[in-house]
Amino acid sequence: MTTTRVRKAILPVAGLGTRVLPAVKAIPKEMLPIVDRPVIEYAVDEAREAGIEEFIFVTARGKASIEDHFDRAPALEATLEGRGRKAELESVRNSTLTDGNVTFTRQHTPRGLGHAVWCARHAVGDEPFGVILPDDLIQAPRPCLGQLIEAYERVGGNVVAAVDVPREHTNRYGVLDVTSDDGRLAAAKGMVEKPDPEHAPSTLSIIGRYVLDPAVMRQLDRQAPGRGDEIQLTDAIAATIGDVPLHGLRFDGRRFDCGNKAGYVEAILAFALEHPETADATRALLQTYAARRAS
Ligand code: G1P
């Protein structure tokens, strides 16, 4: 299928993070560290590995340190260079985004995820785009957004990352109304934001990765508020079904919800177990704590 290349990604980072207070009272929740990188850097690295060239952050008051994090740090770099700290210097340089390939725009009022995405409309223009919700941290053999882009190149339209959740959890997610399903890719005829378990059309739920057709941005221009009186991205995507197809992709990988305490702790453990500098020590620690609990 002929599709337009996905070059741009929106990273909505305007949210408050009330589930991890007081840790995020004075810093953005996206700057919480997972081993040695802030949560937001994992999202940016995933997008880069998926071939994204332009990064559009939708920020808010109090989020300026995200902007600083992806900027050059001349004094720090000079000090590290002078001391011969090559690995650290490389890690600092790796978190710098290329001049002109990064845009920061603000969402002035918290009116929902759909509204945050709409705030990036001028930077995106009339082309397909990715969306990454950084709270959903994904550990995967291939970048999750890249898996979505591959699926999009086959089927076009809108493709969202999806997982099967227990029915009692459907009220935490956007949920797909599935028409056909090959076990990996599911076609949908509708999508509902956070339905009660008894009304959920399925248990196949959206995780924070999307490849979206420009029709969704046009729909957001006129999207009325939905659940919680917020402008829902889910509603705008659902409204384009019929004009463009919608598919949910069961991606390869594991997702951690860093917006809540237990998910954040699990993400730290999972990434510490993969990191060359911390893997052995973390494994040993886990064994020690498991033995202590058993005794
Ligand atoms: C948002 C979306 C929801 C999606 C979820 C994934 O909800 O509105 O459709 O399933 O992200 O994490 P939030 O978690 O921001 O309330």
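First listed ligand is number 1; within each ligand, the first listed atom is number 1.
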Exercise. Is it true that Arg111 and Asp229 have a side-chain N and a carboxylate O under 4.0 angstrom from each other?
Worked result: no
Seminar exercise, completed: ligand 1 to Tyr173, heavy atom cutoff 4.0 Å, flagged ligand atoms 10 (O)
Seminar exercise, completed: Applying side-chain hydrogen bond (donor to acceptor under 3.5 Å, both in side chains) to Arg184 and not counting sequence neighbours gives none
Exercise. For ligand 1, which atoms, with element, lie under 4.0 Å from some heavy atom of Ile206?
Worked result: 4 (C), 6 (C), 10 (O)
Seminar exercise, completed: atom 2 (C) of ligand 1: closest protein heavy atom, distance to 0.1 Å, is Glu193 OE2, 3.6 Å
Problem set entry | Check ion pair Glu53-Arg5 (N to O, under 4.0 angstrom) | yes
Exercise. Taking heavy atoms and a distance under 4.0 Å, where does Leu233 meet ligand 1: side chain, backbone, both or neither?
Worked result: neither
Problem set entry | Minimum-distance protein heavy atom relative to atom 15 (O) of ligand 1 | Lys194 NZ, 4.7 Å
Exercise. Rounded to the nearest 0.5 Å, what separation is found between the OG1 atom of Thr203 and the NE2 atom of His169?
Worked result: 12.0 Å
Exercise. Under 4.0 Å from atom 8 (O) of ligand 1, is there any protein heavy atom?
Worked result: yes
Exercise. Would you say Ile207 and ligand 1 have an N/O pair spaced under 3.5 Å apart?
Worked result: no
Seminar exercise, completed: So the atoms of ligand 1 within less than 4.0 Å of a heavy atom of Leu133 turn out to be 11 (O)
Exercise. So, Ser202 versus Asp177: side-chain donor-acceptor pair below 3.5 Å or not?
Worked result: no
Exercise. Is a salt bridge present between Asp45 and Arg37, judged by a nitrogen-to-oxygen distance below 4.0 Å?
Worked result: yes
Exercise. Is there at least one protein heavy-atom neighbour under 4.0 Å from atom 12 (O) of ligand 1?
Worked result: yes
Problem set entry | Under the ring-ring contact (aromatic ring centres under 6.0 Å, His included) test, residues paired with Phe70 that sit two or more places apart | Phe57
Exercise. Any idea which atoms of ligand 1 are less than 4.0 Å away from a heavy-atom of Asp136?
Worked result: 6 (C), 12 (O)
For this session: Could you tell me whether Arg142 and Glu49 make a salt bridge, using a distance below 4.0 angstrom between a side-chain N and a carboxylate O?
Result: no
For this session: Please indicate whether any nitrogen or oxygen in Arg172 is less than 3.5 Å from any nitrogen or oxygen in ligand 1.
Result: no
Exercise. Can you list the atoms of ligand 1 that are under 4.0 Å from a heavy atom of Thr234?
Worked result: 9 (O)
